[in-house]
Amino acid sequence: MQKLEQLYEGKAKKVFATDDPELLIVDYKDDATAFNGLKKGTILGKGAINNRMSNFLMTLLEKEGVPTHFVKELSDRETLVKKVQIVPLEVIIRNIAAGSFTKRYGVAEGTVFDAPTIEFSYKNDDLGDPLINTYHALAMHLASIEEIELIESYAFRVNDALRAFWAKRGVTLVDFKLEFGRLSDGTIVLADEISPDTCRLWDSATGKKLDKDRFRQDLGGVEEAYSEIMHRLDEND
Ligand code: ADP
Ligand code: UDP
(Lines give C-alpha, C1' and ligand atoms only; values in the text may rest on other atoms or scores of the structure.)
(Ligands and ions follow the chains in the order given, each with its own letter.)
Protein backbone atom coordinates (compact mmCIF):
# COMPACT_ATOMS: atom_id res chain seq x y z
CA MET A 1 0.00 0.00 0.00
CA GLN A 2 1.49 3.31 -1.07
CA LYS A 3 0.86 6.54 0.82
CA LEU A 4 0.25 9.28 -1.75
CA GLU A 5 -0.61 12.98 -1.48
CA GLN A 6 -2.23 14.62 1.54
CA LEU A 7 -5.89 15.30 0.74
CA TYR A 8 -6.87 17.13 3.89
CA GLU A 9 -5.52 18.37 7.19
CA GLY A 10 -8.13 18.62 9.92
CA LYS A 11 -7.87 19.65 13.55
CA ALA A 12 -6.85 16.21 14.83
CA LYS A 13 -5.90 14.15 11.78
CA LYS A 14 -4.37 14.30 8.33
CA VAL A 15 -5.89 12.29 5.50
CA PHE A 16 -3.79 10.85 2.65
CA ALA A 17 -4.69 9.20 -0.66
CA THR A 18 -3.34 5.75 -1.43
CA ASP A 19 -2.79 3.86 -4.70
CA ASP A 20 -6.21 2.26 -4.12
CA PRO A 21 -9.03 4.76 -4.85
CA GLU A 22 -11.25 3.07 -2.24
CA LEU A 23 -8.72 3.42 0.61
CA LEU A 24 -7.26 6.30 2.61
CA ILE A 25 -4.61 6.63 5.28
CA VAL A 26 -5.44 8.71 8.35
CA ASP A 27 -2.58 10.08 10.42
CA TYR A 28 -3.43 11.10 14.00
CA LYS A 29 -1.84 14.30 15.36
CA ASP A 30 -1.13 15.44 18.93
CA ASP A 31 -2.89 18.75 18.18
CA ALA A 32 -5.90 19.48 20.35
CA THR A 33 -8.62 22.05 19.77
CA ALA A 34 -11.79 22.97 21.58
CA PHE A 35 -14.67 25.43 21.25
CA ASN A 36 -14.72 25.15 17.45
CA GLY A 37 -10.97 25.77 17.17
CA LEU A 38 -10.82 28.81 19.49
CA LYS A 39 -8.65 26.98 22.04
CA LYS A 40 -5.57 25.27 20.65
CA GLY A 41 -2.87 23.12 22.22
CA THR A 42 -0.90 19.91 22.13
CA ILE A 43 -1.50 16.74 24.07
CA LEU A 44 1.73 14.73 23.89
CA GLY A 45 1.12 11.14 22.84
CA LYS A 46 -2.56 11.73 22.03
CA GLY A 47 -2.28 10.82 18.35
CA ALA A 48 -0.92 7.35 19.08
CA ILE A 49 -3.47 6.75 21.85
CA ASN A 50 -6.45 7.85 19.75
CA ASN A 51 -5.26 5.77 16.81
CA ARG A 52 -4.91 2.60 18.89
CA MET A 53 -8.10 3.13 20.88
CA SER A 54 -10.22 3.91 17.84
CA ASN A 55 -8.95 0.85 15.97
CA PHE A 56 -9.46 -1.41 18.98
CA LEU A 57 -13.04 -0.19 19.54
CA MET A 58 -13.98 -0.33 15.85
CA THR A 59 -12.76 -3.95 15.73
CA LEU A 60 -14.98 -4.69 18.73
CA LEU A 61 -17.94 -2.93 17.09
CA GLU A 62 -17.56 -4.92 13.86
CA LYS A 63 -18.08 -8.05 15.99
CA GLU A 64 -21.25 -6.42 17.38
CA GLY A 65 -22.63 -5.96 13.86
CA VAL A 66 -21.69 -2.33 13.26
CA PRO A 67 -19.77 -1.99 9.96
CA THR A 68 -16.84 0.45 10.17
CA HIS A 69 -14.25 2.05 7.92
CA PHE A 70 -11.37 0.33 9.74
CA VAL A 71 -9.06 -1.79 7.59
CA LYS A 72 -5.61 -2.03 9.19
CA GLU A 73 -3.35 -0.26 11.68
CA LEU A 74 -0.19 0.71 9.79
CA SER A 75 1.87 2.34 12.55
CA ASP A 76 1.59 4.15 15.87
CA ARG A 77 -0.34 6.99 14.29
CA GLU A 78 -1.41 5.77 10.87
CA THR A 79 -4.38 3.63 9.88
CA LEU A 80 -5.70 2.37 6.58
CA VAL A 81 -9.45 3.03 6.27
CA LYS A 82 -12.13 2.62 3.65
CA LYS A 83 -12.78 5.92 1.92
CA VAL A 84 -16.27 7.22 2.56
CA GLN A 85 -18.36 10.23 1.69
CA ILE A 86 -18.98 11.59 5.17
CA VAL A 87 -22.65 12.14 6.08
CA PRO A 88 -22.41 15.70 7.46
CA LEU A 89 -24.08 14.85 10.77
CA GLU A 90 -22.39 14.61 14.16
CA VAL A 91 -24.35 11.92 15.92
CA ILE A 92 -24.26 12.42 19.68
CA ILE A 93 -25.44 9.86 22.20
CA ARG A 94 -25.70 10.78 25.87
CA ASN A 95 -26.20 8.59 28.94
CA ILE A 96 -25.47 11.31 31.49
CA ALA A 97 -25.82 15.11 31.23
CA ALA A 98 -22.58 16.97 30.51
CA GLY A 99 -21.14 19.62 28.20
CA SER A 100 -23.51 21.46 25.88
CA PHE A 101 -26.55 19.56 27.21
CA THR A 102 -26.07 21.05 30.68
CA LYS A 103 -25.62 24.55 29.24
CA ARG A 104 -28.49 24.35 26.75
CA TYR A 105 -31.11 22.89 29.07
CA GLY A 106 -29.87 23.93 32.53
CA VAL A 107 -29.58 20.33 33.68
CA ALA A 108 -26.91 19.58 36.31
CA GLU A 109 -23.80 17.78 35.11
CA GLY A 110 -23.93 14.14 36.16
CA THR A 111 -27.71 13.76 35.88
CA VAL A 112 -28.23 10.15 34.77
CA PHE A 113 -30.89 9.70 32.07
CA ASP A 114 -33.50 6.92 32.27
CA ALA A 115 -32.63 6.05 28.67
CA PRO A 116 -29.89 7.27 26.31
CA THR A 117 -30.63 10.34 24.16
CA ILE A 118 -29.60 10.98 20.57
CA GLU A 119 -29.09 14.27 18.79
CA PHE A 120 -27.64 15.46 15.50
CA SER A 121 -25.46 18.45 14.75
CA TYR A 122 -24.96 19.71 11.21
CA LYS A 123 -21.23 19.14 10.61
CA ASN A 124 -20.27 22.61 9.43
CA ASP A 125 -17.44 24.46 11.20
CA ASP A 126 -18.42 27.85 9.70
CA LEU A 127 -21.84 27.56 11.34
CA GLY A 128 -20.44 26.10 14.59
CA ASP A 129 -22.01 22.63 14.08
CA PRO A 130 -25.61 23.70 14.92
CA LEU A 131 -28.05 21.26 16.51
CA ILE A 132 -30.59 19.96 13.97
CA ASN A 133 -33.41 17.41 13.89
CA THR A 134 -34.25 14.68 11.39
CA TYR A 135 -36.65 16.95 9.46
CA HIS A 136 -33.89 19.56 9.02
CA ALA A 137 -31.45 16.88 7.84
CA LEU A 138 -34.02 15.64 5.31
CA ALA A 139 -34.85 19.19 4.17
CA MET A 140 -31.16 19.80 3.45
CA HIS A 141 -30.76 16.36 1.79
CA LEU A 142 -27.94 15.49 4.21
CA ALA A 143 -29.16 11.88 4.28
CA SER A 144 -32.23 9.83 3.38
CA ILE A 145 -34.74 8.71 6.00
CA GLU A 146 -33.55 5.11 5.59
CA GLU A 147 -29.95 6.22 6.19
CA ILE A 148 -30.92 8.25 9.26
CA GLU A 149 -32.85 5.33 10.75
CA LEU A 150 -29.91 2.98 10.13
CA ILE A 151 -27.46 5.50 11.61
CA GLU A 152 -29.65 5.83 14.72
CA SER A 153 -29.86 2.08 15.22
CA TYR A 154 -26.08 1.70 14.77
CA ALA A 155 -25.44 4.58 17.19
CA PHE A 156 -27.52 2.95 19.95
CA ARG A 157 -25.81 -0.39 19.28
CA VAL A 158 -22.43 1.35 19.64
CA ASN A 159 -23.62 2.81 22.95
CA ASP A 160 -24.71 -0.58 24.31
CA ALA A 161 -21.42 -2.23 23.32
CA LEU A 162 -19.11 0.54 24.51
CA ARG A 163 -20.99 1.17 27.75
CA ALA A 164 -20.63 -2.50 28.68
CA PHE A 165 -16.99 -2.58 27.56
CA TRP A 166 -16.00 0.44 29.66
CA ALA A 167 -18.10 -0.58 32.67
CA LYS A 168 -16.00 -3.75 32.99
CA ARG A 169 -12.95 -1.50 33.20
CA GLY A 170 -14.35 0.81 35.87
CA VAL A 171 -15.15 3.60 33.40
CA THR A 172 -18.52 5.29 32.82
CA LEU A 173 -19.37 6.23 29.23
CA VAL A 174 -21.07 9.61 29.64
CA ASP A 175 -21.53 10.67 26.00
CA PHE A 176 -19.83 10.50 22.61
CA LYS A 177 -19.92 11.71 19.02
CA LEU A 178 -19.96 9.46 15.95
CA GLU A 179 -19.62 10.15 12.24
CA PHE A 180 -20.92 7.86 9.53
CA GLY A 181 -20.14 7.73 5.83
CA ARG A 182 -21.13 6.06 2.57
CA LEU A 183 -18.87 3.60 0.76
CA SER A 184 -18.83 3.88 -3.04
CA ASP A 185 -21.77 1.40 -3.20
CA GLY A 186 -23.78 3.50 -0.73
CA THR A 187 -23.30 1.21 2.29
CA ILE A 188 -23.38 3.17 5.55
CA VAL A 189 -20.38 2.54 7.83
CA LEU A 190 -19.07 4.08 11.03
CA ALA A 191 -16.12 6.37 10.18
CA ASP A 192 -13.83 8.97 11.78
CA GLU A 193 -12.68 8.04 15.33
CA ILE A 194 -13.77 6.90 18.77
CA SER A 195 -11.34 8.24 21.35
CA PRO A 196 -11.06 10.40 24.47
CA ASP A 197 -11.33 13.36 22.07
CA THR A 198 -14.82 12.30 21.04
CA CYS A 199 -16.14 10.56 24.18
CA ARG A 200 -16.65 11.61 27.78
CA LEU A 201 -15.24 8.91 30.04
CA TRP A 202 -15.38 9.18 33.84
CA ASP A 203 -13.72 6.92 36.39
CA SER A 204 -16.72 5.05 37.84
CA ALA A 205 -15.34 5.05 41.40
CA THR A 206 -14.08 8.64 41.70
CA GLY A 207 -15.86 10.50 38.88
CA LYS A 208 -12.47 11.69 37.60
CA LYS A 209 -12.64 12.89 34.00
CA LEU A 210 -10.43 10.80 31.72
CA ASP A 211 -11.06 12.60 28.42
CA LYS A 212 -10.65 15.85 26.49
CA ASP A 213 -12.65 17.81 29.09
CA ARG A 214 -9.38 17.99 31.06
CA PHE A 215 -8.01 20.06 28.15
CA ARG A 216 -11.26 21.98 27.46
CA GLN A 217 -11.69 22.95 31.12
CA ASP A 218 -7.97 23.40 32.01
CA LEU A 219 -8.20 20.68 34.67
CA GLY A 220 -4.52 19.66 34.35
CA GLY A 221 -3.15 16.13 34.07
CA VAL A 222 -4.28 15.89 30.45
CA GLU A 223 -1.54 13.54 29.19
CA GLU A 224 -1.87 11.43 32.36
CA ALA A 225 -5.62 11.02 31.77
CA TYR A 226 -5.08 9.88 28.17
CA SER A 227 -2.51 7.29 29.26
CA GLU A 228 -4.71 6.21 32.19
CA ILE A 229 -7.66 5.52 29.87
CA MET A 230 -5.35 3.66 27.47
CA HIS A 231 -4.20 1.41 30.33
CA ARG A 232 -7.84 0.70 31.19
CA LEU A 233 -8.49 -0.22 27.56
CA ASP A 234 -5.67 -2.77 27.73
CA GLU A 235 -7.10 -4.43 30.88
CA ASN A 236 -8.42 -7.92 30.29
CA ASP A 237 -12.06 -8.78 30.79
P1 ADP B 1 -11.97 17.99 11.46
O2 ADP B 1 -12.25 17.91 10.00
O3 ADP B 1 -13.25 18.13 12.25
O4 ADP B 1 -10.95 19.00 11.84
P5 ADP B 1 -10.15 15.67 11.79
O6 ADP B 1 -8.91 16.44 12.05
O7 ADP B 1 -10.41 14.48 12.62
O8 ADP B 1 -11.48 16.54 11.92
O9 ADP B 1 -10.09 15.29 10.26
C10 ADP B 1 -10.46 14.07 9.75
C11 ADP B 1 -11.48 14.31 8.64
O12 ADP B 1 -11.62 13.10 7.90
C13 ADP B 1 -12.86 14.65 9.18
O14 ADP B 1 -13.40 15.69 8.41
C15 ADP B 1 -13.66 13.36 9.00
O16 ADP B 1 -15.03 13.61 8.79
C17 ADP B 1 -12.99 12.75 7.79
N18 ADP B 1 -13.04 11.28 7.73
C19 ADP B 1 -12.99 10.39 8.75
N20 ADP B 1 -13.03 9.12 8.32
C21 ADP B 1 -13.09 9.18 6.98
C22 ADP B 1 -13.16 8.20 5.94
N23 ADP B 1 -13.16 6.89 6.20
N24 ADP B 1 -13.25 8.63 4.64
C25 ADP B 1 -13.25 9.98 4.36
N26 ADP B 1 -13.18 10.94 5.29
C27 ADP B 1 -13.10 10.56 6.58
N1 UDP C 1 -17.98 16.00 20.47
C2 UDP C 1 -17.01 15.80 19.51
N3 UDP C 1 -16.84 16.73 18.53
C4 UDP C 1 -17.62 17.84 18.46
C5 UDP C 1 -18.61 18.04 19.43
C6 UDP C 1 -18.78 17.09 20.43
O7 UDP C 1 -16.31 14.79 19.54
O8 UDP C 1 -17.42 18.65 17.51
C9 UDP C 1 -18.18 14.99 21.54
C10 UDP C 1 -17.70 15.48 22.89
O11 UDP C 1 -16.38 15.05 23.13
C12 UDP C 1 -18.66 14.80 23.84
C13 UDP C 1 -19.95 14.65 23.04
O14 UDP C 1 -19.57 14.75 21.67
O15 UDP C 1 -18.17 13.51 24.18
C16 UDP C 1 -21.01 15.67 23.37
O17 UDP C 1 -20.45 16.94 23.25
P18 UDP C 1 -21.28 18.26 23.64
O19 UDP C 1 -22.43 18.42 22.72
O20 UDP C 1 -21.59 18.22 25.09
O21 UDP C 1 -20.33 19.44 23.24
P22 UDP C 1 -19.12 20.18 23.97
O23 UDP C 1 -19.43 20.28 25.42
O24 UDP C 1 -17.94 19.32 23.65
O25 UDP C 1 -19.12 21.48 23.26
Side-chain angles (χ1 to χ4, degrees), residues 6-18 20-40 46-47 50-51 54-55 58 67-72 77-105 107 109 111 116-132 155 158-159 162 166 172-184 187-202 209-217 229:
Q6 182 176 306
L7 300 174
Y8 176 76
E9 176 161 6
K11 298 186 287 292
K13 301 189 284 300
K14 295 178 185 172
V15 180
F16 295 86
T18 70
D20 182 333
E22 305 274 348
L23 298 175
L24 298 174
I25 292 172
V26 290
D27 190 334
Y28 285 73
K29 308 191 287 181
D30 284 352
D31 297 356
T33 62
F35 313 118
N36 202 17
L38 279 178
K39 182 178 166 85
K40 289 192 175 69
K46 172 172 88 76
N50 287 7
N51 184 39
S54 195
N55 294 341
M58 290 217 188
T68 78
H69 72 164
F70 176 67
V71 178
K72 189 174 181 235
R77 288 171 187 274
E78 294 165 303
T79 292
L80 189 65
V81 299
K82 293 175 190 163
K83 179 179 183 168
V84 300
Q85 177 194 43
I86 291 284
V87 175
L89 292 173
E90 300 204 332
V91 181
I92 294 171
I93 296 270
R94 301 176 190 271
N95 298 302
I96 297 177
S100 67
F101 192 97
T102 62
K103 290 195 201 85
R104 188 179 308 122
Y105 303 122
V107 175
E109 182 182 80
T111 305
T117 67
I118 190 164
E119 70 205 37
F120 298 124
S121 293
Y122 177 30
K123 190 174 150 59
N124 183 320
D125 280 342
D126 295 339
L127 300 176
D129 299 339
L131 188 67
I132 61 170
V158 170
N159 187 45
L162 295 190
W166 284 117
T172 303
L173 178 61
V174 174
D175 60 28
F176 56 93
K177 181 267 300 179
L178 301 174
E179 291 181 27
F180 291 86
R182 300 177 190 97
L183 299 178
S184 57
T187 307
I188 292 283
V189 301
L190 180 62
D192 204 48
E193 67 177 276
I194 308 176
S195 72
D197 276 15
T198 63
C199 302
R200 286 195 170 92
L201 298 159
W202 295 352
K209 294 177 176 170
L210 298 173
D211 56 58
K212 201 168 103 176
D213 269 353
R214 300 208 75 81
F215 169 78
R216 291 190 189 98
Q217 300 170 5
I229 199 73

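Both ligands and their constituent atoms are indexed starting at 1 by order of listing.
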For each nitrogen or oxygen atom of ligand 1, which protein N/O atoms lie closer than 3.5 Å, and how far apart are they, rounded to 0.1 Å?
| unit_1 | atom_1 | unit_2 | atom_2 | d |
| --- | --- | --- | --- | --- |
| ligand 1 | 2 (O) | Tyr8 | OH | 2.5 |
| ligand 1 | 3 (O) | Lys11 | NZ | 3.1 |
| ligand 1 | 4 (O) | Lys11 | N | 2.6 |
| ligand 1 | 4 (O) | Lys11 | NZ | 3.2 |
| ligand 1 | 6 (O) | Lys11 | N | 2.8 |
| ligand 1 | 6 (O) | Ala12 | N | 2.6 |
| ligand 1 | 6 (O) | Lys13 | N | 2.8 |
| ligand 1 | 7 (O) | Lys13 | NZ | 2.6 |
| ligand 1 | 16 (O) | Glu179 | OE1 | 2.6 |
| ligand 1 | 20 (N) | Asp192 | N | 3.2 |
| ligand 1 | 23 (N) | His69 | ND1 | 2.8 |
| ligand 1 | 23 (N) | Lys82 | O | 2.8 |
| ligand 1 | 24 (N) | Val84 | N | 3.1 |

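For the atom pair Asp211 CG and Leu201 CG, the distance stands at 5.5 Å (nearest 0.5 Å).
Figure legend: cation-pi geometry between Lys14 and Tyr8 absent, as NZ or CZ is not positioned both under 6.0 Å from the six-membered ring centre and within 45° of its axis.
Annotation: ligand 2 has protein neighbours Glu90, Ile92, Arg94, Ala98, Gly99, Ser100, Asp129, Asp175, Phe176, Lys177, Asp197, Thr198, Cys199, Arg200, Arg216, each with a heavy atom less than 4.0 angstrom from the ligand.
Contact of the Arg94 side chain with the Phe176 side chain is not registered, since no non-hydrogen atoms from C-beta on lie closer than 4.5 Å. For the pair Val189 and Val84, the minimum side-chain heavy-atom distance is below 4.5 Å.
In this structure, the ring-ring contact (aromatic ring centres under 6.0 Å, His included) partners of Phe101, at least two apart in sequence or on a different chain, are Tyr105, Phe113. For Arg216, the side chain to side chain contact (heavy atoms under 4.5 Å, CB included) test picks out Ala34, Phe35, Arg200, Lys212, Asp213, with sequence neighbours left out.
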- Asp129 and Asn36: side chain to side chain donor-acceptor pair (under 3.5 Å), yes or no, with the steps? CA-CA 8 Å; Asp129 299 339; Asn36 202 17; over 6 Å; no

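Remark: Glu109 engages Lys209 in a salt bridge, criterion side-chain N to carboxylate O under 4.0 Å.
Side-chain atoms of Arg182 never come within 3.5 Å of backbone atoms of Thr187 as a donor-acceptor pair (strictly under, hydrogens ignored).
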